[in-house]
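Just follow the structure's listing: the first ligand is 1, and inside any ligand the first atom is 1.
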Amino acid sequence: MLNVNSVVSLNGTFLTGREHAYLGAAMAGALSGDGPFTARAAALIGELTGAGRTLLTCSCTSALDMCGLLLDLRPGDEVIVPSFAFVSTATAFVLRGAVPVFVDCRPDTLNIDERLIEAAITPRTRAIAVVHYAGVACEMDAILAVAARHGLTVVEDNAHGLGGSYRGRPLGSLGALATQSFHATKNVQCGEGGALLVNDLDLASRAEIIREKGTNRGQFFRGVVDKYTWVDVGSSFLPSELLAAFLTAQLEGFDDIQRRRHAAWSAYHARLARWAAEQGIGQPTVPDGCAHPAHLYYLLLPDLANRQALLAHLERRSVLAAFHYQPLHTSAGGQRFGRTTAAGCPVTERIADRLLRLPLHAGLTPSDVDQVVDAVLSFEVSR
Ligand SMILES: *Cc1c(COP(=O)(O)O)cnc(C)c1O
């Protein structure tokens with residue numbers, strides 16, 4: 001077919017208006033980290049998440065790596081991780097010699113199945129890492145209760161969930177530690193960037209030291225100590241002021257970004273509902289008590305062949321859709337460094353083959369949304 005439409009990309013960067021001015025202001029000062037824009041961005045993230053302490057990092061991956069260090073993991077310790085997740089949710093702990101124990105996801109929200117967690121706990125278990133997939137909260141009351149019963153730390157990988165909430169509580173404020181991503185595929189972006197949210201304030205001063213190469217430089221700048229020195233393990237996890245400046249502009253435009261993303265998400269959800277029901281295709285589930293931040297919109301096809309057929313069908317109509325996570329437990333790294341429980345992760349294996357993400361970003365125009373919806377509606381499942 002002829003491509004008369006423009007290409008609708010899966011992700012995109014939406015400039016909220018102040019990015020150029022703030023980059024210029026950052027260039028007039030020191031470019032290294034922890035300057036005025038870093039403080040502004042951290043304060044805005046703190047307001048959105050209600051986090052105890054916000055530390056800007058170079059990525060969500062580096063914030064997760066900091067969690068691995070803060071947990072003081074020893075070789076052979078175990079961390080419970082969803083198999084349906086990004087690789088960094090597991091590698092952060094593998095880097096410390098710990099074993100990720102993969103748990104299956106729920107068939108509705110695709111989040112870690114909280115009912116399977118307790119059976120995965122052993123005497124070596126130290127923490128439970130969760131991902132709020134698509135920014136829809138995991139069943140956190142149940143997860144926090146299991147963690148409390150077994151003395152485990154909860155880490156929220158909240159890369160999708162900035163601005164989302166669970167029973168009135170912001171995502172990112174629920175675990176002892178939480179992480180954010182500002183990668184170019186996320187709602188709020190600076191190319192590569194992230195944050196560590198420290199809700200257990202007993203971990204805050206050590207988190208600051210680990211982020212500053214194992215030194216007490218932060219205390220020195222606040223006048224708490226008269227010289228700074230090496231005190232603990234650590235690395236360089238802080239981003240440049242240039243990135244913090246761009247990120248500040250994005251965070252100040254958060255409401256605008258979110259209005260635009262929700263408009264596209266809601267249009268897909270409503271306009272595809274009848275077609276999806278007729279074709280036996282699943283749409284996202286958002287349980288009561290969960291407010292999601294329109295991070296991604298997915299469809300669940302009946303099987304792999306139909307998922308691949310819809311991807312190709314959309315590409316011919318200039319709509320760039322994509323699949324998503326491949327199960328961690330069947331990946332080469334997952335097999336080498338992790339394990340599953342006896343139950344395995346059969347839901348994750350099925351979902352990974354069937355899931356398709358539609359374009360979703362703040363720069364989508366109403367005509368882009370029409371183009372996506374028309375392209376999807378012209379597809380028929382083959383049985
Ligand atoms: C994007 C993402 C990450 C990694 O984020 P980076 O900032 O690119 O390191 C980690 N976990 C999840 C769930 C993600 O979606």
[X] neighbourhood, listing ligand 1 atoms whose heavy-atom distance to it stays under 4.0 Å:
X: Cys60; answer: 4 (C), 5 (O), 6 (P), 7 (O), 9 (O), 10 (C)
X: Ala159; answer: 2 (C), 11 (N), 12 (C), 13 (C), 14 (C), 15 (O)
X: Tyr325; answer: 12 (C), 13 (C), 14 (C), 15 (O)
X: Val131; answer: 13 (C)

**Prompt:** For Ser6 and Ser318, which heavy atoms make the closest approach, and how far apart are they?
**Reply:**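 Looking at all heavy atoms of both residues, the shortest contact is O-CB, 3.6 Å.
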**Closest to atom 8 (O) of ligand 1 (judged by heavy-atom distance), picking from His183, Gln180, His295, His160** =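 Nearest heavy atom to atom 8 (O) of ligand 1 lies in His183.
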**Request:** Give the single entry among Phe86, Phe182, Tyr133 that approaches atom 3 (C) of ligand 1 most closely by any heavy atom.
**Result:**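 Heavy atom nearest to atom 3 (C) of ligand 1 belongs to Phe86.
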**NZ/NE/NH1/NH2 to OD/OE distance under 4.0 Å, Asp104 and Arg115** =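 So Asp104 does not pair with Arg115 through a salt bridge.
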**Prompt:** Is Asp141 paired with Arg169 through a side-chain N to carboxylate O contact shorter than 4.0 Å?
**Reply:**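 Judged by the 4.0 Å cut-off on N to carboxylate O distance, Arg169 and Asp141 do form a salt bridge.
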**Item:** Shortest protein heavy-atom distance from atom 2 (C) of ligand 1, along with the residue and atom involved
**Value:**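 Minimum-distance protein heavy atom for atom 2 (C) of ligand 1 reads Lys186 NZ, 3.0 Å.
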**Prompt:** What is the closest protein heavy atom to atom 11 (N) of ligand 1, and at what distance does it sit?
**Reply:**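 Ranked first by proximity to atom 11 (N) of ligand 1 is Asp157 OD2, 2.6 Å.
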Does the N or O separation between [X] and ligand 1 drop below 3.5 Å for any pair?
X: Thr61; answer: yes
X: Ser181; answer: yes
X: Ser88; answer: no

**Message:** Using 30° and 60° as the class boundaries, would you call the ring planes of Tyr228 and Phe221 parallel, tilted or perpendicular?
**Reply:**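 Tilted: the ring planes of Tyr228 and Phe221 meet at 30° to 60°.
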**Request:** Check each of Tyr133, Tyr298, Tyr166, Trp265 against His292 using the ring-ring contact (aromatic ring centres under 6.0 Å, His included) test, and report the only one that passes.
**Result:**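 Going through Tyr133, Tyr298, Tyr166, Trp265 one by one, the ring-ring contact (aromatic ring centres under 6.0 Å, His included) with His292 is satisfied by Trp265 alone.
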Short side-chain donor-acceptor distance under 3.5 Å, [Y] and [X]:
X: His361; Y: Asn11; answer: no
X: Thr330; Y: Glu349; answer: no
X: Asp368; Y: Thr365; answer: yes

**Message:** Less than 4.0 Å is my threshold; does some heavy atom of Gly193 fall inside it relative to ligand 1?
**Reply:**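 For ligand 1, residue contact (heavy atoms, under 4.0 Å) with Gly193 is present.
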